[in-house]
Structures are given as C-alpha cells and as structure tokens.
There are 2 protein chains.
Amino acid sequence: MRTIEELTEQVRNNGGKVTAQRLLIWQTLYNNRTHPTAEELYQKLKQGSPTLSLTTLYNTLNELASWGDIRRIDNGDGSIHYDPFVEPHVELVCLICHKVVDSQSKPALLSAPEEMDGFKIISHSEQYYGYCPVCRDTFNQIKK
Amino acid sequence: MRTIEELTEQVRNNGGKVTAQRLLIWQTLYNNRTHPTAEELYQKLKQGSPTLSLTTLYNTLNELASWGDIRRIDNGDGSIHYDPFVEPHVELVCLICHKVVDSQSKPALLSAPEEMDGFKIISHSEQYYGYCPVCRDTFNQIKK
DNA sequence: TACTTACTTATAATTATTATAAAATAAAAA
DNA sequence: TTTTTATTTTATAATAATTATAAGTAAGTA
C-alpha cells in the first residue's frame, strides 16, 4: 500500500476529496498485517469516529483495491478480508478452517512482468493450499 | 480434481455414500475449465435433475474444496467461483472488473513442497493482479 | 429384505454487500 | 473570506449468496 501522501495525491489528481474518513481508513490499514474484514475494521474505526458508515468503508476499500493498494482475500469464511501488504509474498490457505497465513518463505518470483496476456500487471502472490497445523488431524480423517 | 473412481473411494473410505447427486455434480465439474458459480452449476444440473437442492450442491462443493479437489475463486462479483483445475497454473485477476483468467504462461514453480510452515501442502497457484485488456482504459483514468 | 446411518430436500434464516437519495463538506472560484 | 459546486457521507432499504433446520429418502450392509 502506498503512503498516505501518495494516496492523497492519487485522490487529488482525479478531482477527488481527501476527507477525514478516507484518511482515517488509510491510516488504519497502513502497515496492518492482519487481513481484517470490513466488519472488523468498522468496529475498530467506530471507536474514534462513531458516525462512520459501513458504506463509506466499503467504498474506500473498493477504491483502494481498484488501485492495487490493497488486495481482497476470500478465505471462505463468508466475508472478504483485505490485505494492504501487496509486495510479493507467499500465502498459505487452509482447506478446512480457511485460515490464510502469510508464510515466512521467500516467493519464487520477486518481480512480476509488466504485462501478461494483455493484462497490465500491478502485483502478484503465490498461494499454497493445504491443511494448517491445527487441521492436520482432521485431514487424516477425511483424506483417506 | 481426482477421477470419479478416486472420489468414490474417498467417500466410501470415510463411511460415506456415493449418491446420484454426488456423482452428477462430480461429473459436471470434471474437466470443466470455466470457473462456474454455485448458481451457474445449479441451473445446469437442474435440467437433468429437477429436484436437486442448492444445499446439496453447496455441501458437495464444500466437501470437494476441503479435499483440495476444487478451489474457490473470489473474483469480486459477489459469488464464489469454483475451479476444478488445481494443477499449478497462473491466474490473472483484474483489479477493476474482477475477472479471473487462466494465463497461458507457465507457472514459476511446477511442484510444491510437501510441507511449509507447518502446513501440509496439497496444491498451489500463482496470481497476478492488474488491469485486463478491457479495463486498461479505465486504469489510465484512475491511476494518475 | 430389512435396518441403520448418512444424505437430500424444502423452507426459513442469516449475513455480507450494494443501491438510493438526502444532507454534509472539501476544495475551487469569486 | 464567502460562495459555489461537485464529491462524499450517512442512514436506510434492498439484494443476493450461503447456511441452518428438520423431516423424509436412499445407500450400503447384514
């Protein structure tokens, strides 16, 4: 995710307004490595800004996602998680409890091509699907 | 996705029953490369099996996902897409229209480690996020 | 064939996300 | 500074995907 200053420029360059709500949401996401959902962010943000609406939060998250500053993670628990850490990294996805964990392993590719099959590429990640330490026992029961 | 025979064994080995519904759903997914949603599958399946319920379809899809035979794809359009093609491959994700396209490019890693950070690994994929050919014009407007 | 347990169905409930329209406000213009 | 205007926010309502429940059905087994 870019810095607050760069995001400010991004909004201004497109005729947008740098509102208190946008700043608050940006600051809460910046350097956050916890993959929060919209609802989790909302509960946290409401403490400092009780009138903030969920719609605004969703609008701001969708906007950041369209710029490539955050990424959506579907971990299968019914709500979308957001990840402001968009540098190349490895994600581990549990097939049973749906947890998504950032791995400590280095990704195989450190840089992405600028273009692929007509797509302009902004970021990338590697995902490994399997059974987390907690669910490995369950795995032994279901994967026979 | 494993073959129908292997899935049959999988169910039987766990005290399950190979029902007409499971077979029908398995057969429809096998060799399918279109990333269908539950609803899309349901419309198709209902033609041959009018009393099939959405609940059964969801149950069967979740079951296949927990075995690693299919993978969930969140393309941001509000419903989960399912991908029975779980061999290593590259996916291109558009940040604007949320389309997810299988790339023709070879993945950087052809095989996954058996274990990573305590996870038992079943499959993996590479994802590249950016702007698809259709949305690249929009990109020029929003990414200033 | 009959029994047991797992599965399926129909229905209802839940919940995440988006649409809408009025009110508020940031930023540019006067 | 005040005014203006377009963008944004808010509150509310609507939508739609997915899951829970409970009664009925059928696969596998003896």
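All values below were derived from every heavy atom in this structure, side-chain atoms included, with hydrogens, water molecules and symmetry-related copies excluded. Reminder, nothing fancy here: chain letters follow the sequence lines and each chain counts from 1.
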Exercise. Rounded to whole angstrom units, what separation is found between the CD atom of B:Glu63 and the C1' atom of C:dT8?
Worked result: 13 Å

For this session: Ignoring hydrogens and angles, tell me if any N or O in the side chain of A:Tyr42 forms a donor-acceptor pair with the backbone of A:Leu52 under 3.5 Å.
Result: yes

For this session: Taking only Lys NZ, Arg NE, NH1 and NH2, and the carboxylate oxygens of Asp or Glu, determine whether B:Glu9 and B:Arg2 approach each other closer than 4.0 Å.
Result: no

Exercise. Whole-Å distance between D:dA16 P and B:Gln43 CD?
Worked result: 14 Å

Problem set entry | Euclidean distance, atom CG of residue B:Asp74 to atom P of D:dT18 [Å, nearest integer] | 10 Å

Seminar exercise, completed: Value for CH2 (A:Trp67) from CE (A:Met1), rounded to nearest 0.5 Å, stands at 9.5 Å

For this session: Report the nucleotide, chosen from D:dT9, C:dA27, C:dT17, that has the shortest atom-to-atom distance to any side-chain atom of A:Leu54.
Result: C:dT17

Problem set entry | Side chain of A:Thr56 (C-beta onward), nearest among D:dT10, C:dT8, D:dG28 | D:dT10

Exercise. Rounded to whole angstroms, how far apart are CZ on A:Arg12 and P on C:dT25?
Worked result: 17 Å

For this session: Starting from Watson-Crick (N1-N3 plus N6-O4 or O6-N4) and G-U wobble pairs under 3.5 Å, report the runs of at least three that DNA chain D belongs to.
Result: C:1-30 with D:1-30

Problem set entry | Gap between atoms NZ and P, on A:Lys17 and C:dA29 respectively (whole Å) | 13 Å

For this session: Would you check if B:Tyr58 and B:Ile80 make a side-chain contact, meaning some heavy-atom pair closer than 4.5 Å?
Result: no

Exercise. With no angle test and no hydrogens, is the base of C:dA19 tied to the side chain of A:Thr55 by a donor-acceptor pair under 3.5 Å?
Worked result: yes

For this session: Hey, which sits more toward the 5' end of DNA chain D by its nearest nucleotide, B:Thr37 or B:Thr19?
Result: B:Thr37

Counting only pairs under 3.5 Å, give me each side-chain donor-acceptor contact of residues 104-119 of chain B, with atom names and distances, residues two or more places apart or in other chains.
residue  : atom : partner  : partner atom : Å
B:Ser105 : OG   : B:Ser103 : OG           : 3.1
B:Asp117 : OD2  : A:Ser103 : OG           : 3.1
B:Asp117 : OD2  : A:Gln104 : N            : 3.0

Problem set entry | Nearest-angstrom distance from the residue atom CZ of A:Arg22 to P of D:dT8 | 4 Å

For this session: On DNA chain C, check which nucleotide each of B:Gly15 and B:Thr51 is closest to and give me the residue with the more 5' one.
Result: B:Gly15

For this session: Provide, to the nearest angstrom, the distance between the CD atom belonging to A:Gln21 and the P atom belonging to D:dT7.
Result: 17 Å

Problem set entry | Nearest to side-chain heavy atoms of B:Tyr58, which nucleotide of C:dT9, C:dT18, D:dA17 | D:dA17

Exercise. Tell me, do A:Val11 and A:Trp26 make a side-chain contact under 4.5 Å, heavy atoms counted?
Worked result: yes

For this session: Could you check A:Arg71 against A:Asp83 for salt bridge (Lys or Arg N to Asp or Glu O under 4.0 Å), going step by step and ending with a plain yes or no?
Result: CA-CA 5 Å; A:Arg71 275 203 303 247; A:Asp83 190 355; 5.4 Å; no

Exercise. How long is the line joining CG of B:Asn62 and P of D:dT18, in whole Å?
Worked result: 9 Å

